Protein chains: 2
Amino acid sequence: MPKVGMEPIRRKALIDATISAIGERGSLDVTMSEIAGRAGVSSALAHHYFGAKDDLLEATMRHLLTELDADARASLQAANTPRDRVRAIIAVNFSDKQFRPETIAAWLTFYVAAQKTTALRRLLRIYARRLHSNLMSGLVGLMPRPEAEHTAESIAALIDGLYIRRALRDGTPNAASAISLVEDYLNTKLSQRERQS
Amino acid sequence: MPKVGMEPIRRKALIDATISAIGERGSLDVTMSEIAGRAGVSSALAHHYFGAKDDLLEATMRHLLTELDADARASLQAANTPRDRVRAIIAVNFSDKQFRPETIAAWLTFYVAAQKTTALRRLLRIYARRLHSNLMSGLVGLMPRPEAEHTAESIAALIDGLYIRRALRDGTPNAASAISLVEDYLNTKLSQRERQS
DNA sequence: TTTTCTTGATTGATCAGTCAATAAAAAATA
DNA sequence: TATTTTTTATTGACTGATCAATCAAGAAAA
């Protein structure tokens, strides 16, 4: 049995609690006590491990980002053709893990908060850049670079737009229809190219 | 000179102040004093005219919605062909009036807040429905209904996605490139159909 | 004189963040 | 091993600040 301190366990629990609290409330207006309570500790302990509330929020967003990136990498690993790479990136964003109501709500909340908080803003840029370059890694094999840039931007916007729209619907968001919508866009784009050549 | 009470003047000023305050802060966490101060009145007066803070926020969102709808109607008036109708709706969403940083920020903030606040949620649904039916009013003249539904959903998601993405960029958002991106999607879609028939 | 308009002062609640104190575990020492 | 010492983990109680909402009272207009 490996001996570990409590720190990593508490940090993880607090971050998870933050995501679910934000997801449920649909806002960053969650109190430290609420979060700490969900994690089964006192608010003082949350402060002890994370310092200020903003630090906890930043750590939470960073966690979301890291997870998404890990999923994307894993998914790209299994993709062989350029087309598959694009398909993989699209799918990851709507996977069961990512496309859950609480995760979506947390993302959106951070998205908006990022407008004023420099630290969050920086993180969000990283996300945007990664999504773009992941998409490009497949698209450049399918079309000339300038057009690929353009298409990547459209797909990214489409994904973000579907996130925000799904958040409005009650109940579980429908990942399948979201995926097919993005795929359809790509297919249309590709068949147009095929015809031109 | 028509005699009017102060009420409409104050309400308008307070709503405008709310939009700009939210836009600047990028969050609904603006105090009544802040808003009232911008409108040049005391916070007590803001409460006098709007009651609770939530009521002011709801009124502000309703105002945003009403303006957008008015612009859309005016724009549709001048559109003759189905294609022009769609073009008009797209353009309205990125018009100088709508696509300003503060308006965008306010929209996004409301979007997220709508997840928890039932009243805002209801308003947002109205927006979504209107956008959809406005788009459909043109699209049905260009393609069969089921496909039009699909396309309308894509365009709507694309518009929302571009809003959220533009909010991240520093400086003035670039409306022209956003429009051309959506237009490109539609053109691709249409030329695909043309070819099939 | 009545109605409309406006505010300063106040209240009560909520919260982030601190701190001193305790408990538990680990390490060092005898 | 038994013990003391040190480090880590944890919290309840508190503080200070912020803010929404109220209200009684005054100024202006009708």
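What you see is a predicted model, and the numbers here were worked out from it, not measured in a lab. Sequence lines set the chain letters: A, B, ... in the order given, protein chains first and strands last, and positions in each chain run from 1.
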So if I take every side-chain heavy atom of A:K53 and compare against C:dG17, D:dT10, C:dT7, which nucleotide ends up nearest?
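For the A:K53 side chain, the nearest candidate turns out to be C:dG17.
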
To the nearest Å, give me how far apart CD (A:E34) and P (C:dC15) are.
9 Å

Tell me the interatomic distance from A:H48, atom NE2, to C:dA20, atom P, rounded to whole angstroms.
15 Å

Rounded to whole angstrom units, what separation is found between the CD1 atom of B:I35 and the P atom of D:dA21?
11 Å

Is A:R10 close enough to D:dT10 that one of its side-chain N or O atoms is under 4.0 Å from OP1 or OP2 there?
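So the side chain of A:R10 is within the cut-off, an N or O lying under 4.0 Å from OP1 or OP2 of D:dT10.
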
On DNA chain C, more 5' by nearest nucleotide between B:G40 and A:H47 is B:G40

Is there a donor-acceptor contact under 3.5 Å from the side chain of B:S75 to the main chain of B:A72?
no

Over all heavy atoms of both residues, which pair between B:K97 and B:T103 is shortest? Give the atoms and the distance, please.
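Scanning both residues completely, I find the closest heavy atoms to be O-OG1, 3.7 Å.
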
Whole angstrom is fine here: how far is it from CG in B:L28 over to P in D:dC19?
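In whole Å, D:dC19 P lies 14 Å from B:L28 CG.
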
Please determine, for the side chain of B:Y49, which listed nucleotide (C:dC19, D:dT22, C:dT6) has the closest atom?
C:dT6

A:D55 CG - C:dA16 P separation (whole Å):
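It works out to 13 Å between those atoms.
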
Are A:V140 and A:L186 connected in the hydrophobic side-chain network, where two residues link if heavy atoms are under 4.5 Å apart?
no

A:D29 CG to D:dT18 C1', straight-line distance once rounded to whole Å:
13 Å

Identify whether any heavy atom of A:F50 sits under 4.0 Å from a base atom; if not, whether one sits that close to sugar-phosphate; answer base, sugar-phosphate or nothing.
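Counting heavy atoms under 4.0 Å across all strands, no contact is made by A:F50.
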
Minimum-distance nucleotide (side-chain atoms of B:M32 versus D:dT10, D:dT22, D:dA20):
D:dA20

Among D:dT22, D:dT10, C:dC5, the nucleotide that comes nearest once only the side chain of B:M6 is considered:
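The nucleotide sitting nearest to the side chain is C:dC5.
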
Do B:K116 and A:E24 meet the salt-bridge criterion of a basic N to acidic O distance under 4.0 Å?
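No, no charged N to carboxylate O under 4.0 Å.
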
For A:Y111 and A:Y127, take the angle between the two ring planes, folded into 0 to 90°, and tell me which bin it lands in: parallel under 30, tilted 30 to 60, perpendicular over 60.
perpendicular

Can you check the A:L45 CG to C:dA20 C1' distance for me, whole Å?
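Spelled out: CG on A:L45 to C1' on C:dA20 is 16 Å.
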
Can you tell me which nucleotide in D:dC19, D:dT11, C:dT6 comes closest to the side chain of A:V41?
D:dT11

Take the protein atom CG of B:L56 and the nucleotide atom P of D:dA21, then report the distance between them rounded to whole Å.
10 Å

Would you mind classifying the nucleic acid contact of B:T31 as base, sugar-phosphate or nothing, using non-hydrogen atoms under 4.0 angstrom?
sugar-phosphate

